[in-house]
Structures are given as structure tokens and as C-alpha cells.
Amino acid sequence: MRGTGGITEMPGTIDSEALATLHRVFGYDAFRGEQGEVIEHVVAGGDAVVLMPTGAGKSLCYQIPSLVRPGTGIVVSPLIALMQDQVDALRALGVNAGFMNSTQDFDERRVVQAEYLAGELDLLYLAPERLRLDSTLDLLSRGKIAVFAIDEAHCVSQWGHDFRPDYLSLSLLGERWPDVPRIALTATATHATHQEITQRLNMPAARHFVASFDRPNIQYRIVPKADPKKQLLGFLREEHAGDAGIVYCLSRRSVDTTAEFLSRNGIEAVPYHAGLDAGTRAAHQSRFLREDGLTVVATIAFGMGIDKPDVRFVAHLDLPKSVEGYYQETGRAGRDGLPSTAWMAYGLNDVIQQRKMIQSSEGDEAFRRRAAAHLDSMLALCETVQCRRGQLLAYFGQDPDPVGCGNCDTCLTPPETWDGTVAAQKVLSTVVRLQRERGQKFGAVQIVDILMGKRTAKVIQFDHDQLSVFGIGEDLSEAEWRGVVRQLLAQGLLAVEGDYGTLVLTEASGSVLRREREVPLRKEPKKAVTSRSASGAGASGSGRGERKAKAAVAELPEALVPAFEALRAWRAEQAREQGVPAYVIFHDATLREIVTVWPTSVAELGGVGGVGEKKLVTYGEGVIEVLAGLDGAPEGAAPGPEQKADPERETNPQREADPGADDWPEMDAEPEPDDWI
């Protein structure tokens, strides 16, 4: 399917052709948000920097210009592992797409090259590493390029959370092909990252499009870490039984033990990290994409380019290193707009470990400062007593709803605060006395034992029961004292030092000890709750609590559920036969609209959102046959096409990482060219 051009025509004509392409290929009648404006600008030949959250339809912003403008759209994507799935999804729509990367043999690449040179490809996906090769640049020069799309553009920023050195060379695209429009896209960028993207890609004349970062269908919840594996199990059993989701852990060992624990307790789960062989990783990724209800337990080595729309939860058992990383990872939930949960268990050890990692990193002082700033922002999100969604939006420079979102834990169950000034003074005084009177430094466990008057073996060994502060903290529980220490670390009133995570004072500590500063603290729950009662949301059938009306597609009437499940079963069979993920056939949102509309002919099915021309020809009769085999349209169905839904959701890639030690997180390393596995 080649575009017929039109870049010299009037904007109205361009808009008309883009809309016609949207309807014919993707099955929708209208653009969503700023999609239309972005597409019109790029089709007319302009450069664009686009910031849109996951699920907002970024991919259409370069796919439609690639179809409308003459030539092939070149998509620079940071991950090769999922290019095949991305290409399969486009081909299912009737789009001629291809990719070139190191997974292909010589003959496969030669076929793609020939298709490109013959002008037969609508889109060609390349990894940034491949653009370092003169042979690739020479190949591109011999064909006609419609547009350059630089996906996951935040990878160019050294201030961002996912720096990729190969992205630094992408400014050459504008230098070598000055007449080809470029569009840089990302779902995650602060103001500093946004500026750096523009500068490093040398796009000073680009028009900027910044959509809201809000994902209202995702419920954000952070619970105090007690027994994290059991807390996770309770969360999954009570709220997400049978749902697909991702659990992120810091280390490979934690990934393996958590996946085994969930499997042993009836939750089908598989591990994913860079320590597994490539075949196992590929098999687990393929199962996640193609099966319903599978949980993947992973390091941040998993997720980039995942295009699965029905991920119902993303859980973190360890603290992410930055708000950008957290937002990217949680953004993999609910791409279809339906209610989903971002759940995290967070505790004192998370803070200590992250501080230690920053101190022991091999980066220079500037790197450590950036890492510390990222961590401070993440801690502020965890410790806030205000709306979490508002905190996220403010981090990205956007105005939150002043009354709160109504769909995060702090809105549903507002936390209590208390004056922790005296408690803070007790902790800081204990640290002072150990250092000044004994010349000693200890970690949080010993500090808490001293305050609570526990005569442990270690306390007795060092005569810490003789300190004047011994036992002065019996008014608080151990969990409460750990919460005090955690929040003092988060507020910069304590610091972590050395390999053993000992606690030391900071410059700000003195103002507390001198009673010049008050220390408000978030009250620790008496008991860590794992079930939906933690959110404060009432039962709502699905057990996920009430969502705001704008958050997601409404639940199906009970009478329509059998038809929906019948279509899901038919879709699964089609996907197995073709060897593609189920969402390549149809998204759940499309199936929901089908059973709501209940078309009785292929022509009526064509009025459903997400059913383009190619899918109508390929699957139309099969869908009508499934519906005809049921007992007619039940009450709640409304025969005849309705207004089409929003354009299909698109991918929110994240990062992969290279091997690290078993007890430490996956760390970035210099990749082999074109080989982000």
C-alpha cells in the first residue's frame, strides 16, 4: 500500500487523505487528541517533537504520514526483539512493513533491501545501532524516504533514565536528508529531557506537541513493604486473578524466587532477565504476548516495545530508580483504556539500597548527582500525602487536578500525618551518640533496636544498652521506627554511607536537633494490607474499586459476557493458527464494541472501531459466524454500527539491560551493534 503523495496540496486535502487512511487501514473515523494536528504537520513536511503518554496513539503520528507521503517511513526503534511483532501487526492491517536487524540472515535482509529499493515498503524498522553502518546509510540514500520517526526519543538524553549512546548520532539524519521530515516521539520526558531531545537531535525548527501525561484508567497504589511476596500474592488473588501482568524486581535472584513462589501458589508466572539464555527469554516473551492471564516476573530488562493492550497490572517489589522509569513501567498497564492497577511495595531497605548503589556507582560526580535527584523525586512520590497522580503530573511539568484524581490510594484513603519532630530527634541523637561517644556507625536495624531497648546479641556486644538513648523509643513499634528512619532518609535528614549502609547525619540534621525545624511524617499503617481494602475502594464486581467515569470503557452487561468470551476464544484460535499475538487480530476494546453493537452482516461489522478494510476482509465472516452461532442478540446489545471508538492504542517501549550481579539490578552496558535483545 503506497501513498500517493499530496505534500504540495492544501492542508484540507492532506487532512482528508490522512482521515481516509485512518478509516481504511485502522478502522477509525476520527483522530484523537492532537493526533490529527501532528499528522497534518508532518505530512506537510514539518519536523515535530511529540510527547504523548502510552496509549495515546503515538504510532499513528508516524504511521499515517508514512502511508500518505511518497516513499518509505523509516522508524528508528531501540529494541529489535519485538520488531517482528510490530511488523506482523502492521501487515495484519494491510500495511507493507519490514525490518532489518541482526536476527535476520543475509538472504532475509537482502529481500527487505530489495523491497525498500523497489518502493514496496510503507514502513521500515531499524535499530539505532544499524545507522552507524555506512552500508545502511548508503541503502537509505538509494531509496525514497517519506519520514524519519525516532521512537523512544528520550534515549538521546543523558539526563533521562534510559540513555542510549547510539541515539547521539541520529542528528545526522537531518544533516544528510534535510528535506525529509523528522518526528521524535516519547512517552516520558521532563522539561530538561525535552530540551535535550531537541538539542541533541538538532531539531531547532521542530514544532512541539505535548499531550497530558495523565493515565486516568490506572490506579496508583504504594503499600508499606512487610512480606512482599505474600503481599503480592494477596493482591493478585483478590484483585487480578487470571489477569495478565508484569512484576518488576531489582535483582535476578529475586525475579527467579518470586516467579517460583507465584507458580507454587497457583499464579502462572515465568521469569525474565538477562541471565537467562536468549531462547528462554524469547519463549517467555512470546508466551506473555500470545497467552491470556500470564504473569511475567522481570527485571527492567523486560518491557521495551511490549505492545500487549490487556496488561491489567504492573507491580513493583522494589523501588524504581526514577519517576520516569516508574511512569514508563507502570504505563504498560491498561493500554486498552480499561481499569488497571500500578501497585508497589516500598520499604526502608529500598531507600538504603538505592542510596548505596548511587554512592558505589562508577559514574562521575555529575552522574551521581543526577541519580540522586532522580531518587529524591521517586521518594517524594512514595512519601507524599497528596494525590499521587498529581505528584506524577507535576513532575512532568503539568497541572494536576487541585481536588485530586479520585483513583489513587492517597485520594481513596487519605493518609494521616503526625508531628515526628521528637521522634526524628531521638533517631538523630542516637546516631550522634554512636559516632561521638563510641566512634561507631551502624545501620537502621541497630538504631531501632537501641531506641526500643532491645538487648540483642549485637546490642550487648557493643554495650549499646549503656547509652543514654537506650530504650527512649518504646512508645513506637518497630515498623513505626523503620518508617521514621525511611522518611528521614527521604527528606535528606539522614544519609547512607559505605558498603554496609550505615546511617550518618547530613547538613540539614542540625536544624532538627536544635529544634529549629519541624518534621511532619506520614503515619505508618498499623498493619500492612494486601487486599483491595488497601485502596479504600469499595467492591465493584471486579474487585478493583470504583473508577472515574472518564477512566475506562464501561464493564459489559452480564448478558453480553458469553458472546465476548466466545469471540476471545475464536480470536485465540486465529492467533494460534497464524503464530501472532491475539491483539494483532483484534483488541479487547474492539471485541467489546462488537458484542455491544452485535452486527448481523460483514457490512455492519465495518462500522465498528478498529475494523479496517483488511481486517474486515480477513476476519469479517468469522466474527459474524461466531455471533450467529449464539442464541441471538441478548438484551443489552444494540444491533447496528455505533460511533467508532478511539484509534488503536500503541506501544510504550522501555529499556532492556545487560547482565549484572545476581543480587544487584540489571545495569546498562555497551551493547553489540544492533543487538538490544
Side-chain angles (χ1 to χ4, degrees), residues 32-33 52-56 187-188 211-224 231 234-236 238-240 243 245 310-316 323 326-346 377-378 380-417 520 522-523 525 528-556 589 592 645-646 649 652:
R32 191 154 48 93
M52 285 184 180
T54 302
T188 315
S212 171
F213 282 87
D214 192 12
R215 297 287 307 282
N217 63 306
I218 297 178
Q219 184 180 94
Y220 296 98
R221 283 159 49 194
I222 300 176
V223 302
Q231 289 174 283
F235 165 67
L236 297 184
E238 295 183 31
E239 300 185 44
H240 289 288
D243 285 343
D310 60 346
V311 175
R312 294 273 71 87
F313 67 89
V314 170
H316 285 85
V323 175
Y326 173 76
Y327 181 82
Q328 280 262 4
E329 289 150 18
T330 57
R332 295 185 184 122
R335 297 170 55 82
D336 53 9
L338 298 178
S340 305
T341 312
W343 181 93
M344 178 166 62
Y346 156 76
S377 297
M378 190 67 221
L381 175 65
C382 291
E383 300 291 358
T384 186
V385 296
Q386 305 299 322
C387 171
R388 293 204 198 276
R389 193 183 313 277
Q391 186 96 2
L392 275 173
L393 293 175
Y395 180 84
F396 290 110
Q398 298 187 339
D399 294 329
D401 189 328
V403 300
C405 72
N407 194 30
C408 70
D409 53 356
T410 54
C411 285
L412 293 166
T413 308
E416 297 181 59
T417 59
R522 180 184 176 121
K523 185 170 288 188
V529 186
T530 62
S531 71
R532 56 184 171 268
S533 61
S535 71
S540 64
S542 68
R544 298 190 186 107
E546 295 183 12
R547 303 311 204 232
K548 295 173 73 174
K550 68 177 182 177
V553 178
E555 294 292 333
L556 281 173
R592 285 170 178 266
D646 285 339
R649 313 295 176 176
N652 181 20

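Side chains are part of it too, since the values below use all heavy atoms of this structure and drop only hydrogens, waters and symmetry mates. All figures in this text were calculated on a predicted structure; none of them were measured in a lab.
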Would you check if the distance from the ring center of Y327 to the ring center of Y395 is below 6.0 Å? no
Got a salt bridge between R592 and D336, using NZ or NE/NH1/NH2 to carboxylate O under 4.0 Å? no
Minimum heavy-atom separation for M52 to A211, with atom names? CG-CB, 3.9 Å
Between Y346 and E383, does the side chain to side chain contact (heavy atoms under 4.5 Å, CB included) criterion hold? Intermediate values first, please. CA-CA 10 Å; Y346 156 76; E383 300 291 358; 2.7 Å; yes
In short, L392 meets V323 closest at the heavy-atom pair CD2-CG1, 3.6 Å
I want to check something: taking the side chain as every heavy atom from C-beta on, are C408 and Q219 in contact at a cut-off of under 4.5 Å? no
F313: what forms a ring-ring contact (aromatic ring centres under 6.0 Å, His included) with it, not counting sequence neighbours? H240
Quick one: does N217's side chain get under 4.5 Å of L338's, heavy atoms only? no
Tightest non-hydrogen contact, residues C387 and C405, listed as SG-N, 3.5 Å
Atom pair CG (D214) and CG (N407), whose distance is rounded to the nearest 0.5 Å: 9.5 Å
Can you check whether Y220 reaches R215 side chain to side chain, under 4.5 Å on heavy atoms? yes
Taking all heavy atoms of Q398 and all of F213, pick out the closest pair and write down the distance. OE1-N, 2.7 Å
Does a side-chain heavy-atom distance below 4.5 Å link T341 with I218? no
Taking side chain as C-beta onward, heavy atoms only, is Y326 less than 4.5 Å from L381? yes
Any side-chain heavy-atom pair of H316 and I222 under 4.5 Å: no
Using a 4.5 Å cut-off on heavy atoms from C-beta on, say whether the side chain of Q391 contacts that of T410. no
E416 CD: over 12 foreign heavy atoms closer than 6.0 Å: no
Show the nearest heavy-atom pair for residues A333 and S340, with the distance to one decimal. CB-CB, 3.9 Å
Between CG on residue L412 and CZ on residue R221, distance to nearest 0.5 Å: 8.5 Å
Okay, side chain of R389, backbone of P400: is any donor-acceptor separation there less than 3.5 Å? no
I would like to know whether T417 and K523 meet side chain to side chain contact (heavy atoms under 4.5 Å, CB included); could you show each step before the answer? CA-CA 5 Å; T417 59; K523 185 170 288 188; over 6 Å; no
Find out whether M344 and C382 are in side-chain contact, i.e. whether some heavy atom of one side chain is under 4.5 Å from a heavy atom of the other. yes
